[in-house]
S.K.: 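Can you keep this structure in mind? I'll have questions shortly.
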Amino acid sequence: MSPEKAVREVSVTIDGNTFAVPEGTLVVEAAKHLGTQIPVYCYHPKLEPAGLCRICLVEIEKMPKLQIACATRVADGMVVHTSSAKVAEARRGVLEFLLLNHPLDCPVCDKGGECELQDFTMSYGPGESRLTEPKLHKPKLVDLGPTIVLDEERCILCRRCTRFDDEIAQERTLIVEDRGFKSLISTRNGGAYASYFSGNTTEICPVGALTSKAYRFRSRPWDLNHTDSVCTQCSVGCNYRVDTRFGRVMRTFTRENPAVDDGWICDRGRYTFNYLYAPERLRAPSIKRDGGRVDVTFAEAAVLAGSKLAEAAARGRVGVIGGGRLSDEEAYALQRFAREVLGTNNIDYRTHAQVYASPSRFGARLTDIDDASVILAFGAVTPELAPILDLRIRRAVARGHAKFVYMGPYRPAFTIETRYVKLQRGTLPKELDDLGDAVRRGAGQPGGSDVATIASDIAAAKKIVAIHSGEDAPSADAIERLVETLQQSGRDAGILVVGATGNARGAEAAGCVPNLGPGYAPVSGEPGMTTDQMLAAAADGRLDALFVIGANPALTFPDGALARRALKRVPFLAVADQVMTETASYAHIVFAAASFAEKRGHTTNLEGIRQAFAAAVESPLEVRTDAQIIGALTLATRRGSIGDDPTTLFAELNAAESAPRAKTGGGALARPVVTGASAPIAVPDGALTVIPIPHLYAGGGAAAHDPGTKPMRPEPYAVFSPSDARRLSLDEGARVKLSGASGSIEVSARIAQQVPDGSVLVLAEMPEAPHNLLLDASGGGWANVEVIAGAAEAAG
Amino acid sequence: MTPQRERRGAELVAKYPEARSALVPFLQYCQAEDGYVTDQAIADAAELVGITPAEVESTASFYSLLFRHPIGKHVIQVCRTLGCMLGGADELREHIRTRLGVENLETTADGAITYEEVECLAACDRAPVLQHNLEFVYNVTPEKFDSLLETWRRESPAAALPAE
Amino acid sequence: MPIEPVLTKGFGSLDLTDLAVYRSVGGFAALTKALREMTPDGVVAEVMASNLRGRGGAGFPTGKKWSFLPKDGRPRYLVCNSDEAEAGTFKDRMLLENSPFNLIEGLVISAYAVNAKRVFIYIRGEFLAGYRIFQKALAQAYDAGLVGADILGSGYSVEIVPHRGAGAYICGEETAQLNSLEGKRGEPRLKPPFPANAGLYGMPTVVNNVETLMYVPHIIERGAKWFASIGAEKSPGPKVISVSGHVMRPGNYEVPLGIPMRELVMELAGGLRPGRRVKAIQPGGGSSAAIFEEDLDVACDFDSLAAKGTMLGSGAVTVMDDTACMVRCALTINRFFETESCGQCTPCREGGQWVHRMVARLEAGEGSESDLKILTTINRTITGTNLCVLGDSIMPFLSSVYKHFPEEFHDHVRLAGCPLHARSESAA
Ligand SMILES: Cc1cc2nc3c(=O)[nH]c(=O)nc-3n(C[C@H](O)[C@H](O)[C@H](O)COP(=O)(O)O)c2cc1C
Ligand code: SF4
Ligand code: SF4
Ligand code: SF4
Ligand code: FES
Ligand code: FES
């Protein structure tokens with residue numbers, strides 16, 4: 001971390017109070033030191049000062065005109081008046097102008113109660129209104145995209161929204177159209193504002209001009225209760241607030257943590273709560289009976305499942321899969337359940353292609369991205385997997401000091417300038433070792449090759465952050481070797497691993513892996529089976545019972561055919577989840593699990609920070625937290641007792657992991673065991689190599705059923721290179737059947753330049769067309785392509 | 001993008017240190033070719049200078065000489081600012097509107113003539129003033145307008161708003 | 001006190017768009033002198049000594065502006081502002097169309113002075129003819145080695161790039177012009193940073209008006225002393241002033257700064273039509289407050305007009321005689337600013353539109369006393385509260401004529417129409 005430059009302090013006098021602030025502080029920020037609020041509209045601390053709305057005018061001595069507090073920086077000895085008569089008049093004027101054509105439909109406005117136009121009009125507005133001027137009418141319900149609606153009459157043209165889209169998201173699809181008083185916010189010409197970050201504009205819009213479709217007319221801000229929480233939809237762990245009314249979640253709202261989310265959340269995080277009230281939400285346990293399912297009470301389900309698991313445990317033929325979607329406390333309880341109650345090390349949270357979540361050495365922080373000079377991403381498609389982390393990368397690159405390098409099998413659509421290196425399967429370790437060699441040899445490499453180019457980027461770099469998808473163990477080792485080399489060459493370098501699930505790292509740290517207990521302490525005795533081993537064993541009839549909790553391996557495990565065989569074949573399957581997933585559909589007993597909004601605890605984000613969240617609402621009657629499910633199962637097995645109180649569990653977890661963690665002495669953490677590695681696969685003649693691609697709104701759980709995110713969810717598709725498309729005579733939109741070694745799926749075809757010839761990108765984790773039917777356990781696979789219907793036919 | 005457009009685009013980009021500077025000149029070129037700024041031109045411009053189509057739209061919509069919808073082969077822009085008003089522009093505008101049967105920024109029913117009232121054209125010494133396809137006509141009287149209109153109607157100019 | 005014309009010499013009799021003709025009257029001698037005998041700093045010093053003040057509206061000393069450029073090795077740009085769109089101004093267009101080589105010579109010498117390798121000339125989109133004339137002249141100048149690489153064997157090279165605007169008055173404001181040149185919306189930028197530090201493409205940039213730059217060769221050729229000896233002490237030199245409206249001989253007049261308004265209007269421009277009297281004059285374009293008959297002896301220079309509460313601006317004098325309805329005159333001005341506001345700032349965008357609506361109502365005989373009441377105070381919240389000077393230009397004319405002829409405004413309300421009965425007659 002580079003040392004901060006010493007900042008000179010200057011003295012400023014605001015409304016008669018003299019104090020010191022760092023040189024260059026904006027007047028509006030300096031005033032906050034005094035607790036003085038200077039009204040602002042266009043100003044937002046996260047955006048560049050724009051100086052448009054003019055509400056923040058203040059008087060500065062020795063300056064003939066009023067100055068804007070949002071863009072004027074304090075100079076030594078500056079004397080500022082924020083509430084003189086001149087200032088008050090100017091503010092009144094600006095408010096009067098803004099109200100001139102404003103509809104004043106506050107009673108039906110979603111922003112009512114938290115509207116800055118309302119607030120400032122009360123505090124500084126024109127007292128006796130002379131606004132008899134007939135209002136200009138404008139469209140009030142402009143559909144900007146899948147999430148956002150614009151009321152042009154309410155818009156005060158502060159441009160926070162377009163500046164957010166430009167400066168923060170850097171997507172530049174939301175624009176100002178026309179000029180002068182005809183200016184309006186728009187996407188122009190039918191384009192949709194379909195940013196993953198769109199919801200943030202509804203928060204920063206100072207008035208009720210931009211509203212979420214998911215929240216329109218739901219409730220008034222003053223009726224809401226607020227609960228501090230943490231988003232668990234991905235491994236970034238953005239802090240947010242859950243706003244509730246009458247025990248129901250109404251919306252989520254940012255709760256800035258500069259080190260994690262910088263004050264933003266993505267739309268997946270923001271809108272994925274509506275499934276709680278969707279019909280697909282599980283509200284009671286159920287058991288398989290007579291070819292159907294019947295609801296049972298929680299007690300009944302727990303007794304039944306407990307005894308089945310105990311029986312299998314007694315024979316040593318039991319396994320536990322899950323943990324990556326539980327809280328830290330629950331993950332800890334889960335591994336205790338496996339080890340102490342079921343007497344097995346057969347426990348694994350890994351249900352995706354990801355094989356580890358914690359770098360064993362050189363862990364980086366999210367904030368390290370901010371001042372990195374080179375960001376190297378390996379297979380981690382951050383816009384889809386960790387959107388708010390991606391914003392951080394975008395910002396670092398936009399500020400001009402960071403270069404972004406991506407290595408992977410295809411070129412994902414990054415918003416920012418990307419140096420892309422195409423990887424063949426299994427070649428990353430060698431590339432990275434070559435890179436390490438190049439770095440060791442020093443600058444001035446013979447140019448041309450990718451390695452040489454990146455080496456020269458690195459030569460000039462002070463700080464490097466590596467971001468890995470966590471897939472493929474040899475790559476993980478190679479990344480650590482490279483980072484070690486970088487550190488030895490005097491550079492700052494670190495690693496971030498993007499979790500496949502929200503609490504992957506927490507589950508790993510809590511011991512939900514076959515060879516490690518809490519705190520990465522190696523287990524005594526034989527390590528248990530990994531997920532693929534458990535599934536293989538179950539498929540072969542070598543396991544009698546599986547307990548799957550908060551996981552959907554049928555859809556996420558790389559070898560989909562194996563996962564399905566195992567789940568169908570295992571004599572007893574118990575599943576705990578919030579919605580009826582494919583995995584749950586195979587279960588003999590399904591537990592209805594509580595959501596994060598319905599429980600309290602901690603969750604660990606990808607950089608290893610443990611954050612607390614609180615319960616915002618109560619769960620339905622027969623729904624239980626995962627801890628309660630584990631606790632009740634323990635009781636039912638009569639093989640011990642595991643409490644379900646998060647506070648106690650948290651204390652136990654801390655005690656359990658501090659000891660072994662200390663033993664590592666700051667050295668490397670142990671890694672979970674893995675089986676197999678990405679090796680080149682044999683693709684039959686005429687078939688295409690399958691490359692799964694992630695999508696923010698994919699998934700077979702909550703996302704599949706959430707009314708808030710459904711409009712953004714894509715149809716299953718596969719992307720072909722133009723030349724393969726030509727060879728296969730398929731056009732954009734055609735319906736195609738992809739058949740692999742052990743299954744086939746039907747999807748619609750897209751064509752894009754970025755696809756390498758001979759490969760097909762397949763949207764991953766879509767229950768309608770599971771990509772994993774085309775893959776083997778190592779995540780490799782191929783497909784033959786058959787056109788079922790041409791584009792026109794498919795559309796009709 | 002047509003090869004010709006691509007070539008012209010490249011020439012324009014080469015004139016500037018940064019490609020985006022060529023945006024408006026390129027749109028002017030496309031407008032002269034197509035009669036107005038078409039969706040295709042927006043897409044081509046975005047590709048040429050490396051910005052989003054929405055950014056092209058935002059920029060294009062700022063400038064009054066770029067039209068995003070079809071306009072006539074003849075664009076008549078009549079000054080309405082002080083100097084011309086003192087010289088009789090209000091009466092002239094009324095005459096032209098009646099004569100063409102259109103209001104400000106409308107196009108005649110046959111699609112041939114687009115009428116626009118504009119601000120000072122920097123020819124106030126010869127008021128009232130108008131531009132026909134960016135060519136000045138000075139000291140316009142209703143009679144002079146009528147006879148010019150006859151002439152214009154017989155012509156078929158290559159572009160209402162030439163780029164060069 | 002007429003002077004020998006400088007920029008406009010030969011206009012009407014010589015075809016100065018022909019390089020040979022321009023040369024025959026001494027053209028490019030100054031360029032030769034500057035490149036062969038003077039250092040860039042020498043040119044800056046000479047221009048500074050002449051006290052040439054910008055002819056684009058603000059009257060800022062040109063040499064001083066050039067001296068602000070930081071000497072930090074970054075590329076520098078010179079931008080010539082030929083966007084002339086201030087209501088009533090038509091001098092730059094005439095200069096561009098009639099004397100493109102004088103401009104080119106001025107551009108090269110000035111670029112040499114500020115050490116710019118590239119010059120952009122931003123030509124108003126409506127000036128297609130001027131653009132074509134300039135393009136043609138520029139090609140000749142390149143061919144003759146007067147622009148481009150190693151000019152006149154001096155080792156100094158500069159490229160000139162003409163750039164057409166696309167319809168927006170605000171692009172005459174220098175920072176809006178830079179945005180426009182960068183292919184963006186022509187919206188003024190927040191200052192600081194100033195263009196001298198971070199202008200075009202973020203580099204040090206000088207923006208100067210066409211007329212300003214055209215005087216540079218003459219100053220180099222004849223010396224700063226000569227220039228400074230002409231006209232008013234603090235606003236020296238000749239200036240082209242556009243006179244229009246109710247005068248017998250509207251047109252451009254190159255006069256020494258400081259010429260009395262009376263002489264300019266009543267003598268040079270031929271005075272008013274028989275029997276007419278001056279009612280109001282805008283001395284500095286649509287942005288300026290009016291002066292009235294009793295002010296006719298004011299000197300036309302930056303400081304004297306400022307002392308009268310108005311300005312010389314771009315040098316555009318619009319004369320209104322006693323047939324002119326002040327409300328209708330104001331309407332054209334306030335409509336102008338409504339149309340031309342870029343829309344970034346609340347007071348300019350909303351206030352400007354509101355004022356226009358009220359004035360339009362008054363003019364149509366639908367106004368009210370409460371409108372008038374608002375118009376008396378609204379300048380306090382519109383003027384001086386915006387990002388750029390356009391916002392400050394909305395009210396001066398309206399306020400000045402309302403203040404001077406209040407009864408005419410009240411009569412529009414009382415009579416539900418114009419008290420001058422007939423619509424104002426044309427000057428023709
Ligand atoms: C709204 C507005 C419009 C302007 N229009 C012009 C213009 O058309 N031509 C011009 O030279 N300067 C114009 N200016 C002044 C320029 O901002 C700038 O001061 C000038 O070009 C500098 O050149 P000078 O120092 O040679 O006068 C305008 C300023 C404003 C605020
Ligand atoms: S929509 Fe909201 S944020 Fe966007 S410009 Fe309008 S008021 Fe500002
Ligand atoms: S980035 Fe991840 S943690 Fe943050 S809001 Fe989005 S889904 Fe939630
Ligand atoms: S004052 Fe008017 S023209 Fe100037 S920046 Fe503000 S809105 Fe735009
Ligand atoms: S908050 Fe300062 S101008 Fe808008
Ligand atoms: S007022 Fe019409 S050209 Fe100037």
Side-chain angles (χ1 to χ4, degrees), chain A residues 41-43 48-59 63-68 70-73 75 85-102 117 126 130-136 156-159 162 166 175-184 400, chain C residues 166-171 175-176 180 184-193 202 335-358 361 366 368-371 373-375 377-392 394:
Chain A
Y41 287 127
C42 64
Y43 176 71
E48 288 298 319
L52 309 177
C53 72
R54 320 303 290 181
I55 188 78
C56 68
L57 288 166
V58 294
E59 207 171 335
M63 297 200 185
K65 280 177 155 192
L66 296 179
Q67 301 293 317
I68 43 173
C70 71
T72 308
R73 298 186 187 274
K86 238 174 117 181
V87 170
E89 179 172 52
R91 270 181 205 167
R92 256 199 316 278
V94 170
L95 285 165
E96 184 172 52
F97 296 140
L98 289 176
L99 293 170
L100 199 61
N101 291 309
H102 196 84
L117 187 58
R130 52 183 184 183
L131 298 176
T132 49
E133 192 72 30
K135 310 241 178 226
L136 290 183
I156 59 168
L157 291 168
C158 70
R159 304 193 184 184
T162 54
D166 174 18
I175 53 160
V176 179
E177 183 183 325
D178 219 314
R179 72 170 190 227
F181 80 99
K182 293 182 183 154
S183 303
L184 61 116
Chain C
Y169 160 68
I170 191 59
C171 290
T175 58
S180 185
K184 300 174 182 154
R185 295 166 61 84
E187 290 165 344
R189 298 175 181 174
L190 208 55
K191 292 188 250 187
R335 184 172 55 208
F336 177 94
F337 288 115
E338 179 198 83
T339 311
E340 300 298 344
S341 162
C342 83
Q344 291 189 102
C345 313
T346 309
C348 175
R349 180 187 68 241
E350 304 293 332
Q353 188 239 155
W354 192 15
V355 168
H356 170 226
R357 269 159 84 180
M358 288 187 283
R361 264 204 301 267
E366 293 154 9
S368 66
E369 282 296 324
S370 92
D371 288 339
K373 206 169 133 213
I374 293 170
L375 288 179
T377 55
I378 201 167
N379 65 325
R380 299 228 298 269
T381 50
I382 291 186
T383 310
T385 55
N386 295 287
L387 193 155
C388 89
V389 185
L390 187 145
D392 294 351
I394 296 171

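Here is how names work: the chains are called A, B, and so on, in the same order as the sequence lines, proteins then strands, and each is numbered from 1. None of the values given here were measured: they were computed from a predicted structure.
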S.K.: Within this structure, what is the SG-CG distance for the pair C:Cys342 and A:Leu52, rounded to the nearest 0.5 Å?
M.R.: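 CG of A:Leu52 is found 8.5 Å from SG of C:Cys342.
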S.K.: Can you tell me which of A:Asp178, A:Thr72, A:Ile68 forms the most heavy-atom pairs within a distance under 4.5 Å of chain C?
M.R.: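 Option with the top pair count is A:Asp178.
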S.K.: Please classify the contact of A:Arg159 with chain C as side chain, backbone, both or neither, using a heavy-atom distance under 4.5 Å.
M.R.: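 Just the side chain, heavy atoms under 4.5 Å.
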S.K.: Given that the side chain runs from C-beta out, which part of C:Leu190 has a heavy atom under 4.5 Å from chain A: side chain, backbone, both or neither?
M.R.: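 Only the side chain of C:Leu190 comes within 4.5 Å of chain A.
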S.K.: Between C:Glu340 and A:Arg179, does at least one N-O distance fall below 4.0 Å, as a salt bridge requires?
M.R.: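 So C:Glu340 pairs with A:Arg179 through a salt bridge.
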S.K.: In plain terms, say whether C:Arg185 and A:Glu177 are close enough for a salt bridge, that is, a side-chain N and a carboxylate O under 4.0 Å apart.
M.R.: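 Judged by the 4.0 Å cut-off on N to carboxylate O distance, C:Arg185 and A:Glu177 do not form a salt bridge.
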S.K.: Is the backbone N or O of A:Pro134 less than 3.5 Å from a side-chain atom of C:Arg357, with the two atoms forming a donor-acceptor pair by type?
M.R.: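 Yes.
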S.K.: Any idea which of C:Ser370, C:Ala168, C:Ser368 has the most non-hydrogen atom pairs under 4.5 angstrom with chain A?
M.R.: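 Option with the top pair count is C:Ala168.
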S.K.: Hey, which of A:Arg92, A:Arg54, A:Glu89, A:Arg91 is the one that makes side-chain contact (heavy atoms from CB on, under 4.5 Å) with C:Thr381?
M.R.: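 Only match with C:Thr381 under side-chain contact (heavy atoms from CB on, under 4.5 Å): A:Glu89.
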S.K.: Do A:Glu96 and C:Glu350 have side-chain heavy atoms sitting under 4.5 Å apart?
M.R.: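 They are not in side-chain contact.
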S.K.: Among A:Ile55, A:Asn101, A:Ile156, A:Leu66, which residue has the highest count of heavy-atom pairs closer than 4.5 Å to chain C?
M.R.: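 Between A:Ile55, A:Asn101, A:Ile156, A:Leu66, the count favours A:Asn101.
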S.K.: Quick one: of A:Ser183, A:Pro49, A:Pro64, A:Cys53, who has the most non-hydrogen atom pairs under 4.5 Å with chain C?
M.R.: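 If we count pairs closer than 4.5 Å to chain C, A:Cys53 comes out on top.
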S.K.: Which one of C:Leu387, C:Ile170, C:Asp371, C:Thr339 has the most heavy-atom pairs closer than 4.5 Å to chain A?
M.R.: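 With the most close heavy-atom pairs to chain A, the winner is C:Leu387.
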S.K.: So for A:Leu57, is it side chain, backbone, both, or neither that comes closer than 4.5 Å to the heavy atoms of chain C?
M.R.: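 Side chain only.
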S.K.: Can you tell me how far apart CG (A:Leu95) and OG1 (C:Thr346) are? Round to the nearest 0.5 Å.
M.R.: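 Interatomic distance, A:Leu95 CG to C:Thr346 OG1, rounded to 0.5 Å: 9.0 Å.
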S.K.: Find out whether A:Phe97 and C:Thr385 are in side-chain contact, i.e. whether some heavy atom of one side chain is under 4.5 Å from a heavy atom of the other.
M.R.: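 Not touching, per the 4.5 Å side-chain cut-off.
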S.K.: Might you confirm whether atom NZ of A:Lys86 has over 12 heavy atoms from other residues, nucleotides or ligands at distances under 6.0 Å?
M.R.: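 Yes, the 6.0 Å shell around NZ holds more than 12 heavy atoms from other groups.
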S.K.: In Å and rounded to the nearest 0.5 Å, what is the OG to NZ distance from C:Ser341 to A:Lys182?
M.R.: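 Between atom OG of C:Ser341 and atom NZ of A:Lys182 there are 11.5 Å.
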S.K.: Ignoring hydrogens and geometry, is there a side-chain-to-backbone donor-acceptor pair from C:Arg349 to A:Gly180 under 3.5 Å?
M.R.: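 Answer holds: no.
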S.K.: Given heavy-atom pairs under 4.5 angstrom as the criterion, report whether the side chain, backbone, both or neither of C:Gln353 touches chain A.
M.R.: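 Side chain only.
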